[in-house]
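What follows is one structure encoded as structure tokens, with my remarks underneath.
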2 protein chains.
Amino acid sequence: MGVTIYDIAKEANVGVGTVSRVLNNHPSVSAETRDHVLAVAQKMDYRPNASAQRLARRKSRTITAIMPYITNYFFVELLGGIQDFLFERDYDLLLYGVNHPKQIETYLQRSLRAGHSDGMLIASIDLPPDYTQKYLKNNFPIILVDRFNENFDSFFVQNVEGAHAATRYLISLGHTRIAMITGNKETTPTQERSQGYLSAVGEIDTVHNAGIFYPVLESTNDGFSKDAGCEIMKTILTLPEDRRPTAIFVASDIQAFGAMHALKEAGLRCPEDISLVSFDDIELASYYGLSTMRQPIRKLGVLATERLFARMDHPKLEPLHRRFTPELVIRQTAGPPPSRYRNV
Amino acid sequence: MGVTIYDIAKEANVGVGTVSRVLNNHPSVSAETRDHVLAVAQKMDYRPNASAQRLARRKSRTITAIMPYITNYFFVELLGGIQDFLFERDYDLLLYGVNHPKQIETYLQRSLRAGHSDGMLIASIDLPPDYTQKYLKNNFPIILVDRFNENFDSFFVQNVEGAHAATRYLISLGHTRIAMITGNKETTPTQERSQGYLSAVGEIDTVHNAGIFYPVLESTNDGFSKDAGCEIMKTILTLPEDRRPTAIFVASDIQAFGAMHALKEAGLRCPEDISLVSFDDIELASYYGLSTMRQPIRKLGVLATERLFARMDHPKLEPLHRRFTPELVIRQTAGPPPSRYRNV
DNA sequence: ACAAATTATGGAAGCGATTCCAAGGTAATA
DNA sequence: TATTACCTTGGAATCGCTTCCATAATTTGT
């Protein structure tokens with residue numbers, strides 16, 4: 001089929017070793033020979049065979065990223081951070097996008113084939129325990145993003161603290177009847193953010209927890225969707241007004257969009273009637289004036305990839321855990337409660 | 001390092017050929033031998049070496065997708081379509097996300113290495129002419145998405161017709177002073193959509209083209225951004241009211257969001273003061289009531305990938321060109337012009 | 001019961017690179 | 001001039017698989 005280094009060697013009257021050295025910029029080749037071989041390679045339209053190089057070098061110059069197609073924004077932003085870094089290093093990216101939870105197992109299995117890639121980034125996925133063992137045993141370089149595992153490098157935001165800060169902010173505005181809208185119960189962000197929320201409302205006697213609301217439908221995904229947010233808000237609005245929360249901490253921007261929609265449909269205004277603070281700070285949040293907790297997503301991607309390369313070079317590094325504190329971005333969806341409900 | 005089929009062969013007292021056949025489900029192995037080999041492989045925690053398989057099989061079971069990080073939505077949606085298809089076929093996806101135009105050349109170059117991947121999807125990128133030649137010469141399977149090239153399979157939407165339909169819709173509502181907001185001049189969608197727009201406004205004598213507005217700043221990307229849309233709208237709003245358009249065809253949803261923002265800031269309402277129709281129908285368009293031209297993005301991804309597999313099986317297929325007609329989705333951002341400007 | 005066809009198996013020869021080792025040639029040192 | 005050191009070079013061995021070919025063992029047909 002294609003031109004091989006043997007063809008070049010023959011044509012250029014040198015050995016294959018020399019051709020290989022020229023192609024890899026090895027120093028011990030005379031300038032003369034180098035130029036000649038290069039000229040021949042060019043003339044013959046030589047293109048190296050990546051598979052053969054991978055086998056011989058025992059390196060794939062490829063890394064794998066596995067992540068769910070959660071919100072578009074998170075996905076793209078993280079990917080952008082990763083890819084910028086890889087481009088500089090001349091590495092390729094194998095992407096396993098998870099549309100359905102059952103795909104995770106398959107993908108993790110594939111990633112275990114030797115020579116498949118040199119390392120892996122696992123984002124927003126809880127690593128199954130048996131795979132924890134497998135990766136540890138193989139000493140395969142992996143980095144967790146947006147999740148914590150003590151055995152592996154982990155880069156994640158402090159969900160508990162962030163949720164706590166968001167709720168505290170609502171309290172500081174004078175709200176005393178606060179609720180939370182969140183994703184499916186079994187997801188990690190839901191659990192951690194709920195915890196932060198509960199601790200904040202529990203701290204002050206005059207503040208009531210008006211309830212934590214989960215998506216009703218058992219959806220295939222994590223429940224962090226516009227529609228879920230909309231449905232949940234509708235449910236909340238069926239409450240009699242004197243028991244209805246005046247402020248809601250929404251666990252994701254995308255749900256907050258849905259919630260705002262439901263408010264608008266019900267003829268209620270935000271923040272005049274109900275205040276919202278959410279979590280993520282996706283691109284459109286700024287645009288629609290959502291007050292939210294900002295996560296440094298792109299930064300997470302870049303730093304995690306950087307660490308992956310460090311680990312590929314030095315497999316024996318101790319696990320590193322870096323936590324990032326989300327930052328409150330104040331915009332227009334949260335304000336004081338309606339005067340009739342104002343602080344005692 | 002790892003366990004090879006030779007290790008298994010020795011341990012199981014069989015030849016390597018037999019081990020390979022077992023692992024590949026080749027029919028001519030006795031059930032007995034098969035079970036035994038499988039048991040040994042399992043026991044030794046054998047994991048095949050992907051690089052060696054690629055080299056020996058002369059197949060990488062990988063395809064490459066190269067596409068710009070344009071709007072998040074387009075990107076993710078297309079990728080989702082591609083990946084769903086690949087998952088079924090047990091193929092891997094190598095992703096080249098383009099953040100900056102200069103990366104394109106590098107990526108195309110890499111894709112040309114033999115054994116790198118078995119085929120490629122090129123989305124929303126105009127193929128440089130010299131690469132057209134290279135791919136043709138190599139007979140490397142490539143499929144174009146969202147772009148047309150007569151030499152290759154192309155899956156694309158009819159921009160001209162779509163823009164024409166959008167503009168006609170505004171005209172049908174009674175508008176006579178219409179403008180267009182679009183991306184950078186040199187991009188294909190801008191050119192094609194402008195053409196459709198111009199032909200529509202040119203068809204009727206009473207309708208005036210109030211101008212095609214491009215992004216002011218020379219941005220590194222294509223100009224289809226929220227900010228660009230916002231800036232352009234601000235410029236338009238500086239026009240004296242009797243020369244200001246009553247309707248605008250915006251070449252992308254994302255710019256329309258920016259334009260709506262500018263309108264709101266200026267205290268104008270949509271559609272009461274100015275009507276908008278845009279293009280793309282990204283996820284949030286439905287949510288914010290944007291009237292727009294819908295592109296079947298995911299479908300494009302699935303069909304293109306399907307075709308890529310057909311081409312990998314039969315490299316000699318004639319180029320196939322499939323055009324998709326965008327569909328007008330009527331929501332709330334377009335209505336009749338203010339009464340004082342209503343039709344003569 | 002014997003030839004022919006079928007089924008299982010072992011193992012050598014690839015796939016196309018990298019890399020190490022031996023060796024030839026040249027220059028430097030004494 | 002002899003010895004040592006260094007720079008280039010050729011080519012065999014290797015990476016870990018697949019696959020083809022030859023052969024042995026078994027089954028089928030007559």
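We name chains A, B, ... by the order of the sequence lines, and we start the count at 1 in each one. These numbers come from the heavy atoms of this one structure, side chains and all, not from hydrogens, waters or symmetry mates. For clarity, every value in this text was computed on a predicted model and none was experimentally measured.
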Given atom [atom1] of [X] and atom [atom2] of [N], what is their separation to the nearest angstrom?
X: Glu32(A); N: dC7(D); atom1: CD; atom2: P; answer: 18 Å
X: Arg113(A); N: dC15(D); atom1: CZ; atom2: P; answer: 21 Å
X: Lys10(B); N: dC17(D); atom1: NZ; atom2: P; answer: 14 Å
X: Ile8(B); N: dC17(D); atom1: CD1; atom2: C1'; answer: 12 Å
X: Arg21(B); N: dT7(C); atom1: CZ; atom2: C1'; answer: 11 Å
X: Lys59(B); N: dT18(D); atom1: NZ; atom2: C1'; answer: 14 Å
X: Arg54(A); N: dT19(C); atom1: CZ; atom2: P; answer: 16 Å
X: His26(B); N: dC21(D); atom1: NE2; atom2: C1'; answer: 13 Å

By nearest heavy atom, map Ala52(A) and Asn13(B) onto DNA chain C; which one lands nearer the 5' end?
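Nearest nucleotide further toward 5': that of Asn13(B).
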Examine the side chains of [X] and [Y] and answer whether a donor and an acceptor come within less than 3.5 Å of each other.
X: Asn149(A); Y: Ser154(A); answer: no
X: Tyr96(B); Y: Gln83(A); answer: no
X: Asp126(B); Y: Thr188(B); answer: yes
X: Thr62(B); Y: Asp92(B); answer: no

For [X], report the nucleic acid contact type (base, sugar-phosphate, nothing); a contact means any heavy atom under 4.0 Å.
X: Asp7(B); result: nothing
X: Thr33(B); result: sugar-phosphate
X: Ser20(A); result: base

Which is more 5' along DNA chain D, the nucleotide nearest Ser28(A) or the one nearest Gly17(B)? Just name the residue.
Ser28(A)
5' priority, DNA chain D, between Leu55(B) and Tyr6(A) [closest heavy atom]
Tyr6(A)
Please say which of Leu127(B), Leu121(B), Thr132(B) ends up in a side chain to side chain contact (heavy atoms under 4.5 Å, CB included) with Ile142(B).
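Only match with Ile142(B) under side chain to side chain contact (heavy atoms under 4.5 Å, CB included): Leu127(B).
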State whether Ser30(A) places a side-chain N or O below 4.0 Å from either non-bridging phosphate oxygen (OP1 or OP2) of dT8(D).
no
Is the distance from OP1 or OP2 of dT18(D) to the nearest side-chain N or O of Gln53(B) less than 4.0 Å?
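So the side-chain polar atoms of Gln53(B) do come within 4.0 Å of the phosphate oxygens OP1 or OP2 of dT18(D), strictly under.
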So if I take every side-chain heavy atom of [X] and compare against [options], which nucleotide ends up nearest?
X: Arg58(B); options: dT9(C), dC15(C), dT18(C); answer: dC15(C)
X: Val29(B); options: dC15(C), dT8(D), dT9(C); answer: dT9(C)
X: Asn24(B); options: dT18(D), dG10(D), dG16(C); answer: dT18(D)
X: Ile5(A); options: dT18(C), dC17(D), dT9(C); answer: dT18(C)

